[in-house]
Amino acid sequence: MKMRIKTARHRYLLGVVLPFVLLNIGNEIDHAKPTPAEVNVTGTWDASFSGKVERTGTSQDDTFVMELKQEGTKVTGTLRFKGLNLDFPVSGKIAGTTFIYTSKAMLSPDCEASLAAETTIDESSHKFKGSQTQSTCEGTAVGKVTALRR
């Protein structure tokens with residue numbers, strides 16, 4: 001009989017305590033929702049790339065303009081290299097002060113260009129900088145990118 005009293009008491013406690021535990025877990029889940037990005041990259045950015053072409057070791061320097069729009073942590077926009085009359089679509093994301101983006105476009109029917117970068121944003125100076133890889137049918141260049149918001 002003692003066993004039944006203990007079991008009944010445990011059921012009673014479980015019935016009283018369980019709803020509060022579940023409510024608290026629900027509150028914790030609500031607090032775990034993604035927070036807005038800490039920085040915002042919306043705007044026009046003047047950027048430069050400096051790197052080395054793999055296998056040949058030749059230098060590659062490019063300048064380009066990025067037009068970016070940020071919604072939450074998602075970034076979209078266009079990129080245009082100086083001297084090239086072609087807009088590259090840009091897609092990326094913000095995580096803290098890190099801005100990761102990619103872009104790809106056809107330079108000709110037989111030549112695709114792509115780039116991928118991981119940068120750090122310094123919003124107080126309106127700059128970002130980091131590593132970037134650029135590839136075309138002529139090769140892949142690895143180097144650094146820097147950008148300044150207009």
Q132: partners by side chain to side chain donor-acceptor pair (under 3.5 Å), with sequence neighbours left out: Y101, Q134
Short question: side chain of E123, backbone of N40 - any donor-acceptor pair under 3.5 Å? yes
Is there a path from V39 to W45 through hydrophobic residues (I, L, V, M, F, W, Y) whose side chains come within less than 4.5 Å of each other? yes
S114 meets the side chain to side chain contact (heavy atoms under 4.5 Å, CB included) criterion, sequence neighbours left out, with K104, S135
Test of understanding: with side chain to side chain donor-acceptor pair (under 3.5 Å), list the residues that count as partners of E112, not counting sequence neighbours. none
Evaluate M66 against T78 for side-chain contact (heavy atoms from CB on, under 4.5 Å), listing each step before the verdict. CA-CA 6 Å; M66 298 176 80; T78 58; over 6 Å; no
Using the side chain to side chain donor-acceptor pair (under 3.5 Å) rule, collect all pairs that involve residues 46-57, keeping only residues at least two apart or in two chains. D46-R150, S48-T146, S50-D61, K52-S59, T56-T58
Output every pair passing salt bridge (charged side-chain N to carboxylate O under 4.0 Å, His left out) with a member in residues 70-90, not counting sequence neighbours, ordered by first then second residue. K69-E71, R80-D87
Applied to residues 56-78, the ring-ring contact (aromatic ring centres under 6.0 Å, His included) test, sequence neighbours excluded, yields F64-F81
Taking a hydrophobic cluster as the set of Ile, Leu, Val, Met, Phe, Trp and Tyr residues connected by side-chain heavy atoms closer than 4.5 Å, whether directly or through intermediates, do L107 and F49 fall within one such cluster? yes
Can you confirm whether T98 sits close enough to T119 that some side-chain heavy atom of one is under 4.5 Å from a side-chain heavy atom of the other? no
Checking S125 now: which residues fulfil side chain to side chain contact (heavy atoms under 4.5 Å, CB included) with it, not counting sequence neighbours? D122, K127
Close side-chain approach of I94 to V41, heavy-atom, < 4.5 Å: yes
For the student: nearest non-hydrogen atoms of A47 and A147, plus distance: CB-CB, 3.8 Å
Grab the two heavy atoms, one from F99 and one from I121, that are nearest each other, plus how far apart they are. CB-CD1, 3.5 Å
According to the ring-ring contact (aromatic ring centres under 6.0 Å, His included) rule, which pairs have a member within residues 106-127, sequence neighbours left out? none
If a pair satisfies disulfide bond (SG atoms under 2.5 Å apart) and one of its residues is in residues 100-141, list it, with sequence neighbours excluded. C111-C137
Tested for side-chain contact (heavy atoms from CB on, under 4.5 Å) against L79, the lone hit among L86, L115, L84, L68 is L115
Can T44 and E67 be counted as having a side-chain donor-acceptor contact under 3.5 angstrom? yes
Any V53 side-chain heavy atom under 4.5 Å of T140 side chain: no
Please enumerate all residues that pass side chain to side chain contact (heavy atoms under 4.5 Å, CB included) together with E138, with sequence neighbours excluded. T136
Strictly distance-based, threshold 3.5 Å: is any side-chain N or O of R149 a donor or acceptor partner for the main-chain N or O of T42? yes
State whether the side chain of S131 and the backbone N or O of K144 hold a donor-acceptor pair below 3.5 Å, judged by distance alone. no
